[in-house]
Amino acid sequence: MANNTYDAIVVGSGISGGWAAKELTQKGLKTLMLERGRNVEHVKDYVTASKAPWELEHRGSRTQQMVDDHPVLKRDYVLNEANVNYWVNEKESPYVENKPFDWFRAYQVGGRSLLWGRQSYRWHNSDFEANAKDGIAVDWPIRYQDIAPWYSYAEKFAGISGNRDGVPILPDGDFMPPMDMNIVEKDVAARLKKHYKGERHMIIGRTANITVPHEGRTNCQFRNKCWLGCMFGAYFSTQSATLPAAQATGNLTLRPFSIVTRVIYDKDTKKAKGVEVLDAETNKTYEYYAKIIFLNASTLNTAWILMNSATDIWPGGLGSSSGELGHNLMDHHFRIGATGTAEGYEDKYYFGRRANGIYVPRYRNLNGEKRDYIRGYGYQGRAGRETWSRDIPEMSIGGDFKDELSEPGKWAMSLGGFGETLPYHENRCYIDKDKKDKWGLPVLAMDAEIKDNELKMRIDMMNDAKEMLEAGGLKDVKTFNNTYNLGGGIHEMGTARMGRDPKTSVLNEWNQVWDAKNVFVTDGACMTSAACQNPSLTYMALTARAVDHAVSESKKLNV
């Protein structure tokens, strides 16, 4: 076997794992990055990214075989012919649902950084104060000022395009030039600003799609095929950004097909000394050693690794001494809002296929307002013209039908809410030892759901969307409230929360496991609450901050 001792080990290669590898290697540490899935090489392995729909056997749609093979993924739009190979093989990697839970996984180098929606927003200080203010769960051990410099650091490297809008609840960042709203979005935004006297805002989304060349990457080409892999490197992913930076140092070793089964804990030093790896191809077991370990396997897989580690000392696993490991599982609840049509723009169109939409920042339960629920929500959406795939009831076949489809359809606009889910202790995951995966490993069981606070919030999310679209001049506005299971937002958070007290949290203010200070968790597992903004930018900032602390403390021999 090749070298098995490194300065640092990173488990997982997605958004936060890629950042951990970049930061550690750039600080001079020989780093091993372990990924349980296959390798995906930038550009070469984006096999469908340049294909037109008619070049795909099934025109990009899902087949019955795909539906049979993906009983979870089929629940949402994410299952399709063009990117099915980026998603996990659910038959090889099952899980247990005590309550319906949508777990959409991507086991490969890059993880879901190849598939994410790229919306990138800072949290406001009130988000970090919310638990303490509301008297629920535990207080965040950090505040906005602690992470603000790291938001800037992450934005500058990742490349976030957006406008400095001056919205108090949504801090501005270090942005590239923003994408433009189209004419309908601009008009609706202006009407909303006037109608609500500046108390509600509709802005262009802040997205990790670069708009000018950056770090050897080419700016967004407005193809809107991001989830097929971008050969231009226009959106932030491990492959386009952090992996090349880490590899350029000469300090990175990447090992795919490496399932980390546990952290190896030394009870004499009270630190971890390495990890155990099951080779996904050969089923052989290896051990790798390092002084610093970053767990970035994604929220639920990180929880699984911790729960499967040091069980001879803590039956619940490494980090379970507080009784909180695996608990406080969160997501953003969505699939609710409204749509309407815009009249009078029949002679207007827009440029390209913008890989971005509009955003309405949170406005509820601020400035003393009280609803029958706590926290709040934002909206994502867009306006656009219907395409050739629209249904035209009046004409179902023939030349006139084809001629009609060659022209742009009517303008429509939608608003979809993203609401905060509270950190309920009873929302949890745990290891079910009775069910095994392809490699004979016990799988996770999910026991989590949204509750009364979220259900009350959803009423406002739906009604407010209708009200705003009508105030914005849209016609024939209709609401929707589709089925939502926790996990469906693909924003899993919690299970190893940060806190101020080892008796009530898994991690301290620097993302260190209280029970093993040289183990760091900076993926979604670390989150103490969920806010309503997309979380990935916060993972990036927390990771860079934690690595800086880890290396500094290592030099002082404190980890």
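With a 6.0 Å cutoff to the six-membered ring centre and a 45° limit on the axis angle, Lys273 does not count as a cation-pi contact of Tyr265. Figure legend: Arg105 and Trp87 shown without cation-pi pairing, the cationic atom not lying both under 6.0 angstrom from the six-membered ring centre and within 45 degrees of its axis. A cation-pi contact, defined as under 6.0 Å to the ring centre and within 45° of the axis, links Arg200 to Tyr363. Cation-pi check for Lys22 over Phe157 is met; the charged atom lies under 6.0 angstrom from the ring centroid and within 45 degrees of its normal. Geometric assessment of Arg206 against the ring of Tyr121 yields a negative cation-pi assignment under the 6.0 Å and 45° thresholds.
No side-chain donor-acceptor contact under 3.5 Å links Arg143 and Asn125. Neither side chain, Thr249 nor Gln26, offers a donor N or O lying under 3.5 Å from an acceptor on the other. Side chain to side chain, Glu35 and Ser13 meet the donor-acceptor criterion of an N or O pair below 3.5 Å. Ser161 and Thr211 form no side-chain donor-acceptor contact under 3.5 Å, judged by distance and modelled atom types alone. In this structure, a donor-acceptor pair under 3.5 Å is present between the side chains of His425 and Glu324. Using modelled atom types and a 3.5 Å distance limit, the side chains of Ser258 and Tyr288 yield no donor-acceptor pair. For Gln512 and Asn518, the side-chain atoms include no donor-acceptor pair closer than 3.5 Å. Side-chain contact, Tyr359 with Gln533: no donor N or O sits under 3.5 Å from an acceptor N or O. Under 3.5 Å, the side chains of Tyr153 and Glu23 contain a donor-acceptor pair of N or O atoms. Checked by atom type, the side-chain pair Ser152/Arg122 shows a donor-acceptor distance below 3.5 Å. With no hydrogens or angles considered, a side-chain donor-acceptor pair links Tyr107 and Asn301 at under 3.5 Å. Between the side chains of Asn328 and Arg497, at least one donor N or O sits under 3.5 Å from an acceptor N or O. There is no side-chain donor-acceptor pair under 3.5 Å between Asn131 and Asp139. Side-chain polar atoms of Asn251 and Lys30 form a donor-acceptor pair below 3.5 angstrom. In summary, the side chains of Asn534 and Gln380 do present a donor paired with an acceptor at a separation below 3.5 Å, with no hydrogens or angles considered. Using a 3.5 Å distance cut-off with no hydrogens or angles, the side chains of Trp514 and Ser322 do not pair a donor with an acceptor. With no hydrogens or angles considered, no side-chain donor-acceptor pair links Tyr373 and Asn365 at under 3.5 Å.
To the nearest 0.5 angstrom, Leu329 atom CG is 6.0 Å from Asn427 atom CG. Atom CH2 in Trp140 sits 4.5 Å away from atom CE in Met527 (nearest 0.5 Å).
Taking the six-membered ring for Trp and the full ring otherwise, the centers of Tyr95 and Trp103 sit less than 6.0 Å from each other. Aromatic pair Tyr144/Phe128: centroids not less than 6.0 angstrom apart. Between Tyr86 and Trp227, the ring centre distance reaches or exceeds 6.0 Å.
Note on ring orientation: taking the six-membered ring where Trp is involved, the planes of Phe520 and Phe294 are parallel (angle under 30°, cut-offs 30° and 60°).
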field: Step-by-step side chain to side chain donor-acceptor pair (under 3.5 Å) determination, Thr302 to Asp523
entry: CA-CA 8 Å; Thr302 288; Asp523 60 14; 2.6 Å; yes

query: Taking it one step at a time, do Gln239 and Leu114 satisfy side chain to side chain contact (heavy atoms under 4.5 Å, CB included)?
result: CA-CA 8 Å; Gln239 275 82 349; Leu114 292 171; 3.6 Å; yes

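For Arg364 and Glu369, the salt-bridge test passes: some basic side-chain N is under 4.0 Å from an acidic carboxylate O. A salt bridge between Arg38 and Asp45 is absent, with no side-chain N of the basic residue lying under 4.0 Å from a carboxylate O of the acidic one. Ionic pairing of Glu449 and Lys451 is present here: one or more N-O contacts between side-chain nitrogen and carboxylate oxygen are shorter than 4.0 angstrom. Salt-bridge annotation for Arg354 and Asp180: absent, with no side-chain N of the basic residue lying under 4.0 Å from a carboxylate O of the acidic one. The pair Lys270-Asp515 fails the salt-bridge criterion, with no side-chain N (NZ, NE, NH1 or NH2) lying under 4.0 Å from an Asp/Glu carboxylate O. Salt-bridge annotation for Asp460 and Arg371: present, with a side-chain N of the basic residue lying under 4.0 Å from a carboxylate O of the acidic one.
The 12-atom threshold is not exceeded at NZ of Lys291, counting heavy atoms of other residues, nucleotides or ligands nearer than 6.0 Å. By the 6.0 Å contact criterion, NZ on Lys225 is enclosed, its count of non-hydrogen atoms from other residues, nucleotides or ligands being greater than 12.
Shown here for Trp116 and Ser536, the closest heavy-atom pair between the two residues is CZ3-CB, 3.6 Å.
A distance-only check finds no donor-acceptor pair linking the side chain of Gln247 to the backbone of Ala245 [under 3.5 Å].
When each of Leu170, Asp127, Val167 is checked for a side chain to side chain contact (heavy atoms under 4.5 Å, CB included) with Arg362, only Asp127 meets the rule.
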